[in-house]
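Presented below is the structure to which this report refers.
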Amino acid sequence: MEPPQTPVEALTEKQARRELARLAMEISHHDALYHQQDAPEISDADYDALRQRNEAIETRFPKLVRSDSPSRRVGAPVAAGFAKVKHSRPMLSLSNVFSEEEARDFIARVRRFLGLTEDDPIEIVAEPKIDGLSASIRYEQRAFLRAATRGDGMVGEDITANLRTIAALPDNLPKGAPDLLDVRGEVFMTREDFFALNERQEERGEKIFANPRNAAAGSVRQLDPAITARRPLSFFAYSHGEISALKVNSHWEFLERLRDWGFPTNPLSRLCRNAEEVLEAHADFLSQRPSIPYDIDGVVYKVNRLDWQERLGTVSRAPRWATAHKFPAQQAETILKRITIQVGRTGALTPVAELEPLTVGGVVVARATLHNEDEIARKDIREGDTVIVQRAGDVIPQVVGVVMGKRPRGAKPYAFPAECPCELKTPTMREPGEAVRRCTGDLACPYQRVERLRHFVSRDAFDVEGLGAKHIEAFWTDGIIKRPGDIFRLKAKRAEIAGREGWGEQSAGKLVAAIDDRREIGLDRFIYALGIRQVGQATARLLARNYGSFAAFKRAMIDAADREGTAYQDLININGIGRSMAEDIVTFFSEPHNMDEVDDLEAQLAITDFAAPATAGSPVAGKTVVFTGSLERMTRNEAKARAESLGAKVAGSVSKKTDYVVVGADAGSKARKAEELGVKTLSEDEWLALVDG
Ligand code: IVH
């Protein structure tokens with residue numbers, strides 16, 4: 001169980017100060033996990049509890065409010081890798097209420113603020129609160145100009161190329177729409193699309209997303225928009241930032257305008273005339289929740305009249321005219337049969353609860369993450385316990401706590417294994433200040449080796465077609481692949497592979513060809529594929545950009561073993577590389593067995609120098625391109641994303657400034673216009689020939 005918390009009323013000033021400091025740190029840690037790494041460690045409910053405690057303490061001790069207090073911040077600062085965009089009006093967050101009583105209080109507060117009596121009518125719009133990520137999209141002269149994430153509310157990340165791939169977002173707005181419009185709304189993924197995506201990811205041995213929100217966020221934050229284009233993202237518009245003219249009096253009418261201008265809005269939203277109707281909407285959405293095709297975690301209430309919204313204004317990070325009425329988390333009880341340990345690529349041991357299967361919120365659950373050693377100890381979770389399992393929109397459910405009254409006699413505290421569960425039984429170790437325990441076996445540990453191989457061939461790394469996670473495991477078990485370099489020696493084992501169950505001459509031949517296809521690899525992908533701790537895609541790109549060639553990078557990392565030398569200084573001077581990351585990178589290159597692997601790979605591969613995506617040498621850099629008609633070999637969105645990543649500007653209509661019009665089947669007026677203006681037209685094949693060089 002959690003250590004009992006001192007009630008806020010009972011805190012001394014000194015205790016309060018200490019706790020606010022701890023909360024600021026903890027909340028900012030969870031913000032970074034959630035917003036920048038799309039990998040939260042705690043449930044939304046636990047996160048909300050931290051914020052509520054922080055706010056309660058601040059309310060009692062206003063003079064202790066810290067300058068870095070979470071209540072003054074929205075979300076998390078922007079991550080490296082994306083350009084920054086300053087929002088011309090801040091993107092706000094929402095206050096929360098958790099009960100009917102608090103919801104009524106919210107409406108009562110609004111009434112008091114506006115000086116309304118009990119009987120004055122007040123309209124409130126109730127909208128499902130979608131669990132996705134908010135985005136702001138700027139239209140100028142009624143054309144899609146730029147898109148940004150919320151970031152810290154003031155400055156977000158430029159995700160223009162990625163959001164352009166969302167089919168539901170119009171490229172151009174009809175006549176009558178404002179000249180200038182920052183439309184705001186939620187980017188999300190339906191559950192069905194999410195499950196299908198995860199299935200594809202699993203087949204290819206790639207990252208499995210914990211829930212639709214993380215999948216949507218991870219897709220939007222892809223550095224390569226061509227990947228975003230392949231991810232099924234949806235969008236609902238619900239508010240605006242800067243706007244040149246808005247001739248409506250209410251939010252409800254504004255939603256109608258949004259639809260007129262071509263934006264999708266949530267059809268479930270309701271106009272309510274009083275508190276009873278508001279609560280009815282909440283109850284209805286809650287009961288419809290399982291059949292709504294995307295995850296919602298509550299209902300947003302918004303005062304309908306815009307003049308009232310204006311008068312109500314904002315408090316710190318949230319409007320006073322709106323709030324989110326959260327749903328209770330979906331929980332159920334079951335028996336924890338056993339705790340097992342999973343070993344990740346970097347040796348991290350993750351405890352997993354093997355449960356008596358049950359359904360929570362309509363989904364069958366048989367396993368839940370226990371996060372780490374400390375979590376188990378903190379909640380005193382033991383094998384045989386009856387536990388409360390919670391899904392908060394997450395596919396990976398959490399164990400919230402133990403039902404102590406149902407603990408079987410003789411249940412023993414869980415002893416976290418001091419040895420790796422693999423056959424080598426390597427000792428495990430925990431670095432001071434770290435929550436995770438790791439296997440010390442590195443490349444000797446078979447679990448880590450398999451995980452590393454999986455990572456090595458995954459889509460953002462070598463991306464070997466037809467060599468998924470399952471094959472890697474089978475090949476490893478049978479000794480066909482022992483180390484990354486073995487993959488490039490598979491040619492010699494072609495006959496052996498062809499004879500395996502499920503394989504034949506043809507598929508074995510295809511695999512060998514697919515591997516040959518990957519003998520040439522970009523520096524950033526190669527660095528990422530090495531699987532160095534803390535070096536994800538963005539960091540790998542950063543390193544590639546800074547060092548240019550693998551030879552230069554390797555030399556520098558070897559020299560950086562001298563922590564006093566300039567090579568090490570250069571490394572930590574790179575914006576985006578922290579000390580702990582630098583340590584992991586330098587350590588990687590100082591391990592002789594890692595260097596053996598690297599040498600083995602270098603001998604078989606051509607690692608190409610980093611070419612800035614900035615398009616130098618791209619035949620379409622700086623050119624304006626229009627796509628029209630239906631394309632055969634890619635979707636229109638994919639084509640656009642690809643063109644943009646090559647530095648082209650994609651326009652929606654043909655003018656004298658257009659350089660190329662790519663004409664698909666059944667093209668109409670745009671193709672004619674191109675002809676008239678003498679703009680060069682290309683067939684789809686000609687276009688591909690051009691961009692593929
Ligand atoms: S309105 C000033 N409406 O919830 C109003 N937000 O907790 C700002 N969200 O950042 C937001 N559905 O990502 C609004 N119908 C809805 C929403 C919604 C989901 C998200 C949004 C926002 C967060 C705040």
Side-chain angles (χ1 to χ4, degrees), residues 27 31 34-35 38 40 44-45 47-48 51-52 55 70-71 73-76 87 89-98 106 110 124-137 147-154 156-157 159 163 182-189 211-214 216-217 220-221 233-243 251-252 254-255 258-259 263-272 278 281-282 285 289 292 294-304 306 308-310 312-327 392-393:
I27 292 171
D31 280 344
Y34 186 88
H35 292 283
D38 307 317
D44 288 359
Y47 176 81
D48 287 341
R51 277 202 101 109
Q52 278 179 301
E55 269 165 46
S71 61
R73 273 184 289 118
V74 180
H87 300 300
R89 285 196 206 164
M91 283 184 82
L92 300 172
S93 168
L94 290 170
S95 60
N96 291 318
V97 299
F98 295 91
F106 162 73
V110 168
I124 293 198
V125 176
E127 301 172 358
K129 183 172 192 294
I130 299 176
D131 206 3
L133 70 155
S134 50
S136 188
I137 303 121
T149 63
R150 184 172 67 178
D152 65 1
M154 306 305 288
E157 292 164 336
I159 48 167
L163 284 214
D182 279 332
V183 74
R184 290 178 177 172
E186 203 78 357
V187 179
F188 63 97
M189 203 178 276
N211 54 47
R213 199 212 86 90
N214 289 352
V220 162
R221 295 169 37 68
L233 293 169
S234 307
F235 182 83
F236 277 140
Y238 51 62
S239 103
H240 64 81
E242 197 175 350
I243 186 165
H251 180 61
W252 192 249
F254 169 65
L255 292 175
L258 284 173
R259 280 189 288 277
F263 293 104
T265 60
N266 196 322
L268 296 172
S269 299
R270 287 195 203 173
L271 179 59
C272 306
V278 164
H282 186 268
F285 292 159
R289 192 180 191 185
I292 295 177
Y294 40 83
D295 282 349
I296 62 175
D297 58 354
V299 183
V300 182
Y301 303 148
K302 298 175 180 173
V303 170
N304 192 32
L306 298 184
W308 286 357
Q309 287 191 4
E310 187 93 23
L312 284 155
T314 60
V315 239
S316 63
R317 51 190 261 275
R320 220 182 254 109
W321 48 264
T323 197
H325 187 171
K326 291 293 203 77
F327 290 146

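Indexing begins at 1, ligand by ligand and atom by atom, following the structure's order.
- Of the protein's heavy atoms, L92 O, 3.9 Å lies nearest to atom 8 (C) of ligand 1.
- Ring geometry, H325 versus Y301: the interplanar angle exceeds 60°, so the pair is classed perpendicular (tilted spans 30 to 60°).
- Considering only residues two or more places apart in sequence or on other chains, S134 meets the side-chain hydrogen bond (donor to acceptor under 3.5 Å, both in side chains) condition with none of them.
- Contact annotation for L94 and ligand 1: heavy atoms of both the backbone and the side chain come within less than 4.0 Å of the ligand.
- Atom numbering of ligand 1 starts at 1 in the shown order; those under 4.0 Å from a heavy atom of E127 are 3 (N), 15 (N), 16 (C).
- Among R150, E186, K129, K302, the residue whose heavy atom lies nearest to atom 3 (N) of ligand 1 is K302.
- For ligand 1, the atoms sitting less than 4.0 Å from at least one non-hydrogen atom of I130 are 12 (N), 19 (C), numbered in the order shown with element in parentheses.
- Proximity of S134 to ligand 1, defined as any heavy-atom pair under 4.0 Å, is shared by backbone and side chain alike.
- Every atom of ligand 1 with a heavy atom of P319 under 4.0 Å away is listed here by number and element: 2 (C).
- Ligand 1 is approached by P128 to a heavy-atom distance shorter than 4.0 Å.
- Here the straight-line distance linking atom CE of M189 with atom CG of N211 works out to 10.5 Å at 0.5 Å rounding.
- Looking only at protein heavy atoms, the nearest one to atom 14 (C) of ligand 1 is Y238 CE1, 3.3 Å.
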* **side chain to side chain contact (heavy atoms under 4.5 Å, CB included) between D297 and K326, intermediate numbers included** => CA-CA 6 Å; D297 58 354; K326 291 293 203 77; 4.3 Å; yes
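- Remark: E127 pairs with K302 by the salt bridge (Lys or Arg N to Asp or Glu O under 4.0 Å) rule, at least two apart or across chains.
- For A324, no heavy-atom contact with ligand 1 is shorter than 4.0 Å.
- When every heavy atom of A281 is checked against every heavy atom of A126, the shortest pair comes out as CB-CB, 3.9 Å.
- Across all their heavy atoms, P90 and M154 have their closest contact at CB-SD, 3.8 Å.
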